[in-house]
Amino acid sequence: MERSRVVLITHMYVLFSRISGAEVEMRVRPGDDVTLYSDCVWKHGFYTIWLKNSSHDHTVLKQHAHPHYSIVLNVCKQTSDLLVKNVNESDLGLYYCALEKKSSAKDKTQACSWEDVCYFGNRTTRLSFLDTMLQTTPTPTPPVSDCSVCWKLLVSVCSVCVLLSSTCVCCIYRYITKVTVEKRDDMGEREKSTSRKNDK
């Protein structure tokens with residue numbers, strides 16, 4: 001029984017580690033305001049930063065340097081989301097968040113230096129414009145990225161269901177076998193005690 005638990009836990013870890021690191025695509029119209037959600041939970045001594053990677057640059061977004069970006073604190077989730085106001089073509093690209101901390105270190109000469117320590121989140125968000133053709137004619141199939149996540153979830157849920165049901169069948173079989181053996185032992189004991197009474 002212990003082996004089946006270890007197999008179950010290992011199987012769950014492998015399945016869910018494949019799903020993590022998802023890319024979310026958000027499609028907006030020019031001029032819209034959009035909130036990008038963070039998966040970096042606050043930690044003591046760290047602060048949340050947002051980074052943008054587009055075809056022509058890689059930028060650390062700072063609220064004061066970019067006036068149409070602002071950090072929105074999500075107290076319930078303990079994250080810092082990014083609000084992009086009045087989206088234009090220069091805002092399109094891949095966004096991700098990280099937790100950053102300045103840490104000091106001393107080298108051989110005892111000189112103090114500062115370095116950044118970053119822990120990146122698992123989620124990236126691709127910001128893109130809605131196509132005008134998509135607005136007039138609805139498409140019957142979801143985007144490819146949505147289908148791949150659906151298939152991963154379907155395969156993982158089915159695998160877990162098969163594993164759990166086989167574990168249940170195994171437990172039921174063991175119980176029935178145990179009860180059957182106990183009944184045989186009781187019947188054998190009764191026959192022996194009955195034959196002893198008859199002998200007396």
Identify whether [X] and [Y] are in the same connected component of the hydrophobic contact network (ILVMFWY, side-chain heavy atoms under 4.5 Å).
| X | Y | result |
| --- | --- | --- |
| Y95 | L83 | no |
| Y96 | V72 | no |
| V84 | Y37 | no |

State, to 0.1 Å, how close [X] and [Y] come at their nearest heavy-atom pair, and which atoms those are.
| X | Y | answer |
| --- | --- | --- |
| D91 | L127 | O-CD2, 3.7 Å |
| W50 | I71 | CD1-CD1, 3.7 Å |
| S38 | C40 | OG-N, 3.0 Å |
| E25 | S128 | OE2-OG, 3.2 Å |
| L36 | M26 | CD2-SD, 3.5 Å |
| N86 | G31 | OD1-CA, 3.2 Å |

Flag the pair [X] / [Y] as yes when at least one side-chain heavy-atom distance between them is below 4.5 Å, and no otherwise.
| X | Y | answer |
| --- | --- | --- |
| E23 | L94 | yes |
| F120 | L51 | yes |
| T48 | T79 | no |

If you round to the nearest 0.5 Å, how far is [atom2] of [Y] from [atom1] of [X]?
| X | Y | atom1 | atom2 | answer |
| --- | --- | --- | --- | --- |
| N122 | C97 | CG | SG | 9.0 Å |
| R126 | L92 | CZ | CG | 10.5 Å |
| K85 | T35 | NZ | OG1 | 10.0 Å |
| L164 | S159 | CG | OG | 10.5 Å |
| D81 | D39 | CG | CG | 10.0 Å |

(message) A quick test of your reading: do over 12 heavy atoms of other residues, nucleotides or ligands sit less than 6.0 Å from CZ of F129?
(response) yes

(request) Please check if the side chain of N74 supplies one atom and the backbone of S80 the other of a donor-acceptor pair under 3.5 Å. (result) no

(message) Testing the 3.5 Å rule here: is there a donor-acceptor pair between the side chains of H68 and N88?
(response)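 N88 and H68 do not have a side-chain donor-acceptor pair below 3.5 Å.
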
